[in-house]
Protein chains: 2
Amino acid sequence: MQMDERKRKILRAIVMDYIATAEPIGSRTIARKFDLGVSPATIRNEMADLEDLGFIEQPYTSAGRIPSDAGYRYFVDCLMDPQALSEEDKETIERESTKRIHEIQEVISHTSKLLSELTNLTSLVLGPHKGKSTFGKMHFLPYQPGQVIMVLVKENGVVENHIIDIAENLTAEELQHVAGVFNQKMRGFSLGQVKRSLLHEIYSELSRQRQLIDSTMDRLRAVLDDDEEEERIYLGGTLNMLNQPEFRDLGKVKTLFKVFEENESLKKLLHPHQEGLNVTIGGENILKEFWDCSVISSTYKVNGLTIGAVGVIGPTRMDYANVIAIVDFMTRSLTEVLTRGRPRGY
Amino acid sequence: MQMDERKRKILRAIVMDYIATAEPIGSRTIARKFDLGVSPATIRNEMADLEDLGFIEQPYTSAGRIPSDAGYRYFVDCLMDPQALSEEDKETIERESTKRIHEIQEVISHTSKLLSELTNLTSLVLGPHKGKSTFGKMHFLPYQPGQVIMVLVKENGVVENHIIDIAENLTAEELQHVAGVFNQKMRGFSLGQVKRSLLHEIYSELSRQRQLIDSTMDRLRAVLDDDEEEERIYLGGTLNMLNQPEFRDLGKVKTLFKVFEENESLKKLLHPHQEGLNVTIGGENILKEFWDCSVISSTYKVNGLTIGAVGVIGPTRMDYANVIAIVDFMTRSLTEVLTRGRPRGY
DNA sequence: TGTTAGCACTCATCAAGGGAGAGTGCTAAC
DNA sequence: GTTAGCACTCTCCCTTGATGAGTGCTAACA
């Protein structure tokens, strides 16, 4: 059996009506609401075909039909009118993104908030991944008796400071010497790469400062290793989920919110299968908790390099055309803001 | 009418049973479960009196009775056996608090998590307020052409770093000189206190670095001012609320979670009326969204100075004795950890 | 006088039953 | 190929009635 124009029209009508009303729709109602020029009986026959094709299903005998995952997929791929963003939304995004913001965290959380407000869904934003963080340069500064500040400048430009305990009798010159050796030997290395031989070199050059080296290395190890996976994820508008009729059930809400609390799982939802815009529908999601949700996501870039992703999650019954337009525009805007403004922190 | 010993016993039975079961309890059941040595009929008479006194109420005619806010209050003030913390919980807290943690944020969020796990309720922790943050010391470190790192050590020990744009032709010596002047003139001042005369002094001593001073001052102003109100609040175990039978209603959950999203309101719940432990029951809460919740909170200190608060929020039907023991022990432990360990960041 | 047993009454909860309504599939006519 | 007609199915919602827990009142009891 093949899809013909009339089947397409009917499927389109079913999907659009269900998106709007969240109620199963029957042949009679379709005939009344949409002007297809055929009788309910004809529509019934076509609907039986559509069900055989797997595009629609009945929640129970003699209820109306609702789209299946495959139906949504066909709708998104073939039937949907690509919708332009409303002028109003466009203005909102542009207005919000011209605010000058210094920290990347702020940009991200702001994006997340905006996205959930525009879509009335839950937004996810994956912060920029920082690549392997490698040693750039370090300095010691005096702090308190027995402690110094280690200022670490990574090669990607991030600056951090850490307090380190030291022996009280170390002089400023000795500290500077140690920092000098570290800077000379370690530039460009990530901690994973620090080979035993290098460590030996450092130890032998600084035989007297063994304790300082140890605590410095300890801290560096923690910092440089941690970072690799420190892609924070930002959630916004989780409460919007509660407005969706499909989550009137408390059990569902609970499992959903439980996943929201685990960052690791959420990242999986966003990790894009390909660059650019992705639509993942229902059972296509990796996590079974989200088998009745769809995720629209897209990647953002800095200087042509993909560094993170933003997405929106909602019930499979979502307004795909609209949400896709919003997510798409949003990533473009974010890419532009980041490339132009270059806030700190990545 | 007066409370006598028998009335007290009956009220105690009602509160304790309702805390355990969340079901209204009737005279017959009380007689069966609790060994009071009187018949259901007698208990009925006493219950009528307790209702007149306002300590218990009926959800509807011929249901059992449940405690009113006043009933809980009387229970907490007069009837409850002050309960010692279970050895198990005590050990957990002590074990967790001996983990060496460097950042205050970690200590706080860890506390919050622990608290919600032990009580199965939602925890609130108000981070330390930092008082006015005052200038301690600063250093400039090289960063990139046209930019330097300003490392700022506040008098309370917090270390921050900020990137500042400078003219490219400044030498290291000049920078060091500028920092030296700042350090000499500004130690102990908050930005609000920097008087015009002081500024003049700095300008006149460093007439050639006007631009650097301006951008440094700008940044300092932003940093030191911001801090005063930055009391972050930490929430833990919000999902635990969903396990409480009183929140089986989605509408309630929604209003509750909405408040959870607004930090400002939450702070109101915690801001203690008095030092030490506070129990706020139902309608005693300021926010009407929490009129069927109780808050147990307590303040924690560093070196005898109160700097923050921790609390637990749950339905009025909570195990007061146990939760009070946990919150109390937790603040003592936190106070000790902070005073002894002095983590960075406050 | 305080305590108890007995009794009529109230109200929520639950299961069963019975339209009403929406929708379907099939068949036969157009 | 399209349509009208019809029997059938299933959910939803309302009613009904039984059950059970609990109450207040009254009268008897120690």
Side-chain angles (χ1 to χ4, degrees), chain A residues 1-11 13-15 17-18 20-68 71 245-246 248-249, chain B residues 1-11 13-15 17-18 20-68 71 245-246 248-249:
Chain A
M1 201 182 331
Q2 282 290 325
M3 289 296 280
D4 55 26
E5 193 49 37
R6 195 166 65 190
K7 282 194 180 56
R8 269 193 279 272
K9 270 189 182 158
I10 292 175
L11 178 55
I14 294 174
V15 174
D17 189 83
Y18 188 65
T21 66
E23 297 292 335
I25 184 169
S27 53
R28 178 186 211 75
T29 321
I30 293 181
R32 209 177 336 108
K33 278 198 187 175
F34 299 81
D35 198 21
L36 300 180
V38 289
S39 78
T42 310
I43 296 178
R44 269 205 292 284
N45 289 331
E46 297 286 39
M47 283 168 92
D49 291 352
L50 285 171
E51 184 157 10
D52 286 346
L53 288 165
F55 290 141
I56 57 179
E57 52 197 24
Q58 276 181 295
Y60 48 85
T61 330
S62 88
R65 304 301 217 292
I66 61 174
S68 65
E246 22 272 284
R248 247 179 291 134
D249 171 35
Chain B
M1 200 187 327
Q2 283 289 325
M3 289 295 281
D4 54 27
E5 193 49 37
R6 195 169 65 191
K7 281 193 180 56
R8 268 193 281 272
K9 271 189 180 157
I10 292 175
L11 178 55
I14 294 174
V15 174
D17 189 82
Y18 188 65
T21 65
E23 297 293 333
I25 184 170
S27 53
R28 178 187 210 75
T29 321
I30 294 180
R32 210 178 334 108
K33 277 198 188 176
F34 299 83
D35 196 22
L36 300 178
V38 289
S39 80
T42 310
I43 295 177
R44 269 205 292 285
N45 290 331
E46 297 286 40
M47 283 167 92
D49 291 351
L50 285 171
E51 183 157 10
D52 286 345
L53 288 166
F55 290 141
I56 57 179
E57 51 198 25
Q58 275 181 296
Y60 50 86
T61 331
S62 90
R65 304 301 218 292
I66 61 174
S68 66
E246 22 273 285
R248 247 178 291 136
D249 172 34

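Throughout, protein chains are lettered first and strands after them, A, B, ... in sequence-line order, and every chain is numbered starting at 1.
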Residues, nucleotides or ligands: over 12 heavy atoms within 6.0 Å of B:Asp35 CG: no

Heavy atoms from other residues, nucleotides or ligands near CG of B:Asp4 exceed 12 (cutoff 6.0 Å): yes

Verdict with supporting geometry, B:Ile14 and B:Ile10, side-chain contact (heavy atoms from CB on, under 4.5 Å): CA-CA 6 Å; B:Ile14 294 174; B:Ile10 292 175; 4.0 Å; yes

In Å, rounded to the nearest 0.5 Å, how long is the span from [atom1] of [X] to [atom2] of [Y]?
X	Y	atom1	atom2	answer
B:Phe34	B:Asp17	CZ	CG	5.0 Å
B:Glu51	B:Glu46	CD	CD	13.5 Å
A:Leu53	A:Met47	CG	CE	13.5 Å

First and last nucleotide of DNA chain C, 5' to 3', lying under 4.0 Å from heavy atoms of chain A: C:dA22 to C:dG25

Roughly how many Å is it from [atom1] in [X] to [atom2] in [N], rounded to a whole number?
X	N	atom1	atom2	answer
A:Tyr60	D:dT11	OH	P	7 Å
B:Asn45	D:dA27	CG	C1'	13 Å
B:Ile43	D:dG22	CD1	C1'	13 Å
A:Arg28	D:dT3	CZ	C1'	13 Å
B:Tyr18	D:dG22	OH	P	14 Å

Given DNA chain C, 5'-ward residue of the pair B:Thr42 and A:Gly64, judged by closest heavy atom: B:Thr42

Contact nearer the 5' end of DNA chain C, comparing B:Pro40 with A:Pro24: B:Pro40

Side-chain ion pair, B:Arg65 and B:Glu57, N-O less than 4.0 Å: no

Name of the residue among B:Lys7, B:Arg8, B:Arg44 meeting salt bridge (Lys or Arg N to Asp or Glu O under 4.0 Å) with B:Asp49: B:Lys7

Under-4.0 Å side-chain N/O to phosphate OP1/OP2 contact, A:Thr61 with D:dC10: yes

Donor-acceptor under 3.5 Å (B:Ser68 side chain, B:Phe55 main chain): yes

Sugar-phosphate only, base, or nothing, as touched by A:Ala63 at under 4.0 Å among non-hydrogen atoms: sugar-phosphate

Runs of at least three Watson-Crick or G-U pairs with DNA chain C, cut-off 3.5 Å: C:1-30 with D:1-30

